[in-house]
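Just below is one structure, and these are the notes that go with it.
Each chain gets a letter, A, B and so on, in the order its sequence line appears, and its residues count up from 1.
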Amino acid sequence: MTEPYNPAAIEPPIRERWEAANSFRAPDQPRADAFYCLSMFPYPSGHLHMGHMRNYTISDVITRFQRMNGRPALQPMGWDAFGLPAENAAIARGVSPAKWTRDNIAHMRSQLRELGFAIDWDRELATCNPDYYRWNQWLFLKMLERGIAYKQTGTVNWDPEDQTVLANEQVIDGKGWRTGAVVEKREIPMYYLRITDYAEDLLAALDDLDGWPERVRAMQANWIGKSIGMEIVFPYEGGELKVFTTRPDTLMGATYMAVAPEHPLARAAAGRDDTVAEFVRSCSTGSASEAELAVQEKRGIDTGFTVRHPLTGQNLPVWVANYVLMGYGEGAIMAVPGHDERDFEFANKYGLSIVQVIQPEADGHDYDPVEWQDWYTAKENVRLVNSGDYDGLDYSAGFEAIARALEHKGLGSRRTQFRLRDWGISRQRYWGCPIPIIHCDDCGDVPVPERDLPVMLPEDLVPDGSGNPLARCEAFLACECPKCGKPARRETDTMDTFVDSSWYYMRYPCSDNDQAMVDERTNAWMPVDQYIGGIEHAILHLLYARFWTRVMNEMDLVETREPFANLLTQGMVLAETWYGEDERGRKTWFNPSGVEVERDARGRIVSAKLSEDGRPVQFGGIEKMAKSKNNGVDPAALVAQYGADTVRLFSMFAAPPEQSLEWSDAGVEGAWRFLKRLWQQVHDHIEAGAPCELAIAGLSDEAREMRRRVHETINKVSDDFGRRYTFNTAIAAVMECSNHLSRFKADDGTGLAVAREGWESLVRLIAPITPHIAQALWQALGHEDDILAAGWPEVDESALVQQRVTVVVQVNGKLRGRIAAPPGGSREALQQQALEDENVARFVADKEIRKIIVVPDKLVNIVVAA
RNA sequence: GCCGGGGUGGCGGAACUGGUAGACGCGCCGGACUCAAAAUCCGGUUCUGGAAACAGAGUGCGGGUUCGAUUCCCGCCCCCGGCACCA
């Protein structure tokens with residue numbers, strides 16, 4: 001009798017075996033074909049959640065697949081350990097962010113170990129450790145020297161009650177999350193990194209990133225946002241107003257100017273006119289986030305200033321408008337309400353004049369200055385009108401002629417503008433990497449000398465939500481000016497956590513080096529062969545990492561300029577939500593694990609109740625696992641119940657990695673059943689007796705067909721793992737093949753040999769997904785070695801050849817029959833055979849055959865007259 | 001608002017280059033085993049009609065290209081991700 005599948009008994013000893021043999025240690029100096037497989041490192045929030053579980057299973061599957069194919073592989077792990085949640089936990093529980101974070105790391109590390117991931121733990125790092133963040137500081141100082149880092153004012157959300165800078169996330173409906181006070185925008189000095197100097201390169205290099213999803217490249221390209229246009233000068237008494245436009249061809253349609261509330265002209269107007277001042281002030285409340293700004297109502301006020309049109313000399317009024325962003329272009333626009341939707345809306349609201357300057361070449365397009373139409377912004381098949389000398393020109397000729405006229409007058413020049421802004425890295429927060437700057441009354445801002453690094457973050461402070469505790473920590477603040485030696489104060493801002501995550505992958509290969517940020521081992525492993533992480537990081541993190549790598553490359557620290565050769569963006573993990581309502585309609589959300597569902601004969605949900613007390617609950621839809629809807633499923637509990645392999649199997653089977661994944665307890669049961677069955681079937685096979693040598697020549701038709709299925713499966717699964725990364729279909733193929741193998745009658749030595757080849761193949765094919773059971777079965781099949789070293793099954797091409805193929809027959813594109821034919825049959829033979837099919841003949845009858853389409857070995861479509 | 005993605009049975013999904021829509025799994029229905037239940041095994045399962053053979057319909061909605069469209073094109077609806085201080 002076979003012992004039933006018991007993961008609680010088999011998994012721990014197998015993990016101990018791997019650990020004792022140091023199986024997952026990657027070499028320091030890898031061979032040329034070595035594979036660097038990297039997952040985005042987790043924020044140590046407390047517990048491993050399903051998103052982590054999915055992410056790390058994907059990278060583990062890829063790592064193990066590469067290892068089984070003979071390539072040395074590095075799969076490291078670390079902790080993105082600085083950040084806001086630690087401060088929130090500190091506020092809520094009075095514990096220091098350092099302790100909270102380190103406890104979380106310890107807990108999550110043990111959770112990861114229980115999942116059997118092939119991680120090289122010797123290289124583990126945490127960004128909150130001084131031996132990591134000192135290199136943030138070191139590189140920041142290098143950037144300052146090179147002018148890549150600089151200081152300038154920037155806008156932040158300010159909570160006037162707590163006297164604290166708020167993250168966008170902490171601003172809810174324009175109010176502070178803790179105080180409810182109306183949030184103000186504030187200008188404060190900050191450090192910036194000149195990512196815009198790299199805009200052209202970051203954009204152009206996207207074309208070569210063919211290992212990245214097209215959608216991520218598109219998002220990055222749009223984010224960088226290259227626009228070719230002109231800088232145009234509108235002169236006025238005592239100055240000139242500069243604007244950037246992508247449509248100089250519409251210059252003759254400019255009827256007013258609009259400047260951002262922070263623009264110098266707006267300030268000047270506010271200084272002499274209280275109404276304008278009041279308006280500018282009103283623009284300073286509310287969130288600084290762009291999404292908020294984009295949906296707010298367009299408002300504005302006339303400054304009373306006018307500027308002269310550079311070509312006509314006509315006076316144009318200057319307005320302050322809340323839809324003009326100070327951070328883009330010049331913070332001022334020439335408004336062409338006739339052909340820009342935002343200007344159009346604004347002009348209609350405030351009664352400003354609208355002039356049509358574009359007209360489609362085709363007839364039937366009337367211009368309506370009240371109702372917006374899409375063609376108003378057209379560049380193709382249009383001519384300029386109401387534009388004086390430029391009438392009749394098309395877009396490019398108009399652009400060219402107006403550009404020349406402006407250049408001739410010295411009132412304009414061609415320019416490329418990027419939407420991308422420089423990266424502000426200053427955060428007015430405690431739990432982050434200190435910015436290594438000292439403020440001296442005499443010498444100003446002085447960089448901390450390299451020999452004094454790291455600037456250590458005190459770890460015993462407990463923030464309370466108002467201000468930055470560093471600003472009250474005398475032990476941290478007090479220092480001497482490195483230049484003049486007088487008493488001075490440290491900078492209390494810390495760095496954006498995106499700095500930490502911009503280079504951690506270059507540190508894993510050399511995480512033990514206390515003399516240098518990176519070393520030759522980094523070059524040996526970089527670039528990352530496969531990077532895996534959430535789609536939500538498609539723009540910011542990935543763009544900053546690409547920028548940071550370029551900077552390090554130019555400092556001769558690393559050889560690579562692009563950090564990630566291949567990118568896989570995994571979807572979110574979703575789950576059902578269930579709620580009950582009280583008399584007042586307030587909802588209470590219940591975890592799906594405590595809900596029992598009743599279904600009708602079709603399988604549709606009839607009703608649901610709490611298993612605890614039978615109270616009825618309502619279905620609230622499928623949503624991202626989150627605390628707010630209480631629909632999180634704890635991977636640790638499932639691992640305890642089913643073992644790591646079942647949880648890994650389900651999370652890879654339920655959806656392809658790029659799509660969102662719907663968690664389902666019943667689906668987990670299904671995965672569990674499959675493993676139980678596989679365990680039983682392999683043991684049944686072993687008990688059926690010893691196979692003899694596999695002699696391919698004398699196989700029965702059934703045995704040959706069985707072998708064909710096995711090798712088709714090897715073919716399919718290898719492609720799914722190696723090229724497509726569709727683990728769900730790989731698993732389906734293994735399941736399908738195991739269904740056939742278990743039914744295959746292997747009653748003699750030859751049959752057993754075919755079955756043995758099949759089971760040994762399947763066990764290895766599933767090993768990257770469910771490594772523990774695969775290892776146990778591999779040993780049961782008589783192998784002593786680690787399955788990682790067992791090699792990947794090879795396809796026997798000769799086994800794939802089919803005796804007969806099924807060809808479908810359509811009449812007018814509708815399926816009417818199937819015929820079996822020898823492969824490689826001629827068109828004529830297939831046509832003939834198709835027409836002889838009884839059902840096909842019924843539909844063709846005596847109708848006139850117009851055409852017959854034949855796709856060899858696949859399909860015949862007979863087109864007949866209606 | 002802007003940028004990107006998605007929508008296929010009761011459910012998760014498959015169909016990779018325009019060629020059998022629904023692989024695989026869940027759920028449900030029926031059967032076997034059992035005193036019974038669980039577990040396990042066998043069969044069925046897109047919808048409508050039909051005992052069946054088979055026929056008609058069907059991939060968010062409306063149109064188009066094609067011998068043939070889940071796949072390509074145009075218009076629309078809904079859902080999700082990002083929007084620079086959540087990570």
Side-chain angles (χ1 to χ4, degrees), chain A residues 4 40 42-43 45 80 83-85 154 156-157 165-171 213-216 218-219 221-223 225 288-296 323 327 341-342 420-424 426-429 496-498 501 534-541 543-544 569 571-572 574 597 599-605 622-624 650 653-656 658-671 673-674 676-677 680 719-720 723-724 726 728-729 731-736 739 806-810 812-815 818 839 842 850-853 855 858-859 861-863:
Chain A
M40 291 182 186
Y43 178 79
S45 54
D80 188 11
L84 202 53
V156 294
N157 303 305
V165 175
L166 298 179
N168 284 336
E169 187 189 55
Q170 298 172 312
V171 180
E214 192 49 54
R215 59 172 163 161
V216 175
M219 279 192 264
N222 288 327
W223 186 261
S289 89
E290 195 176 316
E292 300 277 327
L293 296 174
V295 292
Q296 72 186 1
Y323 70 94
E341 195 166 3
R342 288 161 307 176
L420 182 69
R421 306 200 292 262
D422 275 343
W423 175 13
S426 295
R427 296 291 179 271
Q428 298 68 43
R429 267 185 251 299
D496 181 2
T497 56
F498 275 124
S501 55
I535 182 67
E536 66 273 19
H537 295 290
I539 296 175
L540 292 179
H541 161 60
L543 194 60
Y544 291 147
T569 50
M572 291 182 308
L574 319 174
V597 180
R599 292 168 193 279
D600 67 10
R602 280 258 179 77
R604 280 184 289 234
I605 296 171
I622 307 283
E623 303 222 25
K624 182 179 179 174
F650 174 72
F653 181 55
E658 307 236 61
Q659 274 181 46
S660 56
L661 180 154
E662 255 180 60
W663 197 263
S664 141
D665 287 343
V668 178
E669 278 285 342
R673 278 204 288 266
F674 170 70
K676 270 199 290 190
R677 221 162 34 232
Q680 190 61 47
D719 188 47
D720 283 351
R723 179 182 64 93
R724 297 215 302 156
T726 49
N728 56 330
T729 53
I731 294 165
V734 170
M735 287 175 168
E736 200 172 359
N739 288 341
T806 302
V807 174
V808 298
V809 184
Q810 300 178 334
N812 286 351
K814 278 192 188 296
L815 177 68
R818 289 185 174 79
N839 201 45
R842 210 151 63 77
R850 294 224 168 124
K851 197 176 186 184
I852 300 183
I853 288 125
V855 181
K858 273 203 144 167
L859 169 142
N861 186 13
I862 301 158
V863 185

Using heavy-atom distances to pick each residue's nearest nucleotide on RNA chain B, tell me which of A:I539 and A:E214 is more 5'.
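Checking each residue's closest nucleotide, the 5'-ward one belongs to A:E214.
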
Closest-nucleotide ordering on RNA chain B, the 5'-leading residue of A:S289 and A:N222:
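The 5'-side residue here is A:N222.
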
Hey, is B:G9 sitting syn or anti, using the within-90° cutoff around 0?
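The base of B:G9 is oriented syn (glycosidic angle within 90° of 0).
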
Just N and O in the side chain of A:R215: are any of them under 4.0 Å from OP1 or OP2 of B:G81?
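A:R215 to B:G81 OP1/OP2: no side-chain N or O under 4.0 Å.
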
Just to be sure I understand the rule, does [X] reach a base, reach only the sugar-phosphate, or reach nothing, if contact means heavy atoms closer than 4.0 Å?
{"X": "A:Q810", "answer": "base"}
{"X": "A:S501", "answer": "nothing"}
{"X": "A:F653", "answer": "base"}
{"X": "A:S660", "answer": "sugar-phosphate"}
{"X": "A:H541", "answer": "nothing"}
{"X": "A:F674", "answer": "nothing"}
{"X": "A:L420", "answer": "base"}
{"X": "A:I853", "answer": "base"}
{"X": "A:A538", "answer": "nothing"}
{"X": "A:V165", "answer": "base"}
{"X": "A:Q428", "answer": "base"}
{"X": "A:W423", "answer": "nothing"}
{"X": "A:M40", "answer": "nothing"}
{"X": "A:V808", "answer": "base"}

Determine the interatomic distance between P on B:C24 and the same-named atom on B:G18; round to the nearest Å.
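B:C24 and B:G18 have their P atoms separated by 25 Å.
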
What about [X], does its side chain sit under 3.5 Å from the base of [N] through a donor-acceptor pair?
{"X": "A:R723", "N": "B:C16", "answer": "yes"}
{"X": "A:R818", "N": "B:U20", "answer": "yes"}
{"X": "A:N861", "N": "B:C67", "answer": "yes"}

Length of the line joining [X]:[atom1] and [N]:[atom2], which is rounded to integer Å:
{"X": "A:N168", "N": "B:C86", "atom1": "CG", "atom2": "P", "result": "5 Å"}
{"X": "A:E662", "N": "B:G6", "atom1": "CD", "atom2": "P", "result": "17 Å"}
{"X": "A:W663", "N": "B:C26", "atom1": "CH2", "atom2": "C1'", "result": "14 Å"}
{"X": "A:R724", "N": "B:A23", "atom1": "CZ", "atom2": "P", "result": "16 Å"}
{"X": "A:N839", "N": "B:A52", "atom1": "CG", "atom2": "P", "result": "17 Å"}
{"X": "A:L815", "N": "B:A69", "atom1": "CG", "atom2": "C1'", "result": "16 Å"}
{"X": "A:E736", "N": "B:G13", "atom1": "CD", "atom2": "C1'", "result": "14 Å"}
{"X": "A:E669", "N": "B:A39", "atom1": "CD", "atom2": "C1'", "result": "11 Å"}

Side-chain ([X]) to main-chain ([Y]) donor-acceptor, under 3.5 angstrom:
{"X": "A:D80", "Y": "A:P42", "answer": "no"}
{"X": "A:N157", "Y": "A:V165", "answer": "no"}
{"X": "A:E292", "Y": "A:S289", "answer": "no"}

Nearest-neighbour nucleotide for the A:L540 side chain, B:C86, B:C83, B:A55 considered:
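For A:L540, the side-chain atoms sit closest to B:C83.
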
Distances for protein N or O near nucleotides 46-50 of chain B N or O, under 3.5 Å:
residue : atom : partner : partner atom : Å
B:U48   : OP1  : A:R602  : NH2          : 3.2

Beyond-backbone contact of [X] with [Y], side-chain heavy atoms, under 4.5 angstrom:
{"X": "A:Q810", "Y": "A:I853", "result": "no"}
{"X": "A:T569", "Y": "A:E536", "result": "no"}
{"X": "A:F674", "Y": "A:F653", "result": "no"}
{"X": "A:V216", "Y": "A:I535", "result": "yes"}

Stems in RNA chain B: runs of 3 or more consecutive Watson-Crick or G-U pairs, distances under 3.5 Å?
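Stems for RNA chain B, defined as runs of 3 or more consecutive pairs: B:1-7 with B:77-83, B:10-12 with B:24-26, B:27-32 with B:40-45, B:46-49 with B:54-57, B:60-64 with B:72-76.
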
Is it true that A:E669 and A:K676 have a side-chain N and a carboxylate O under 4.0 angstrom from each other?
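No salt bridge links A:E669 with A:K676.
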
Would you call the rings of A:W423 and A:Y544 parallel, tilted or perpendicular if under 30° counts as parallel and over 60° as perpendicular?
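The rings of A:W423 and A:Y544 lie parallel, inter-plane angle below 30°.
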
Atom pair CG (A:L574) and OG (A:S664), whose distance is rounded to the nearest 0.5 Å
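Answer for the CG-OG pair, A:L574 versus A:S664, is 12.5 Å.
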
Start with the C-alpha distance between A:R724 and A:T729, add both sets of side-chain angles, then the distance that settles side-chain contact (heavy atoms from CB on, under 4.5 Å), and finish with yes or no.
CA-CA 10 Å; A:R724 297 215 302 156; A:T729 53; 3.5 Å; yes

Out of A:N839, A:L815, A:N861, A:I862, which residue meets the side-chain contact (heavy atoms from CB on, under 4.5 Å) rule with A:V809?
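Result for side-chain contact (heavy atoms from CB on, under 4.5 Å) with A:V809: A:I862.
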
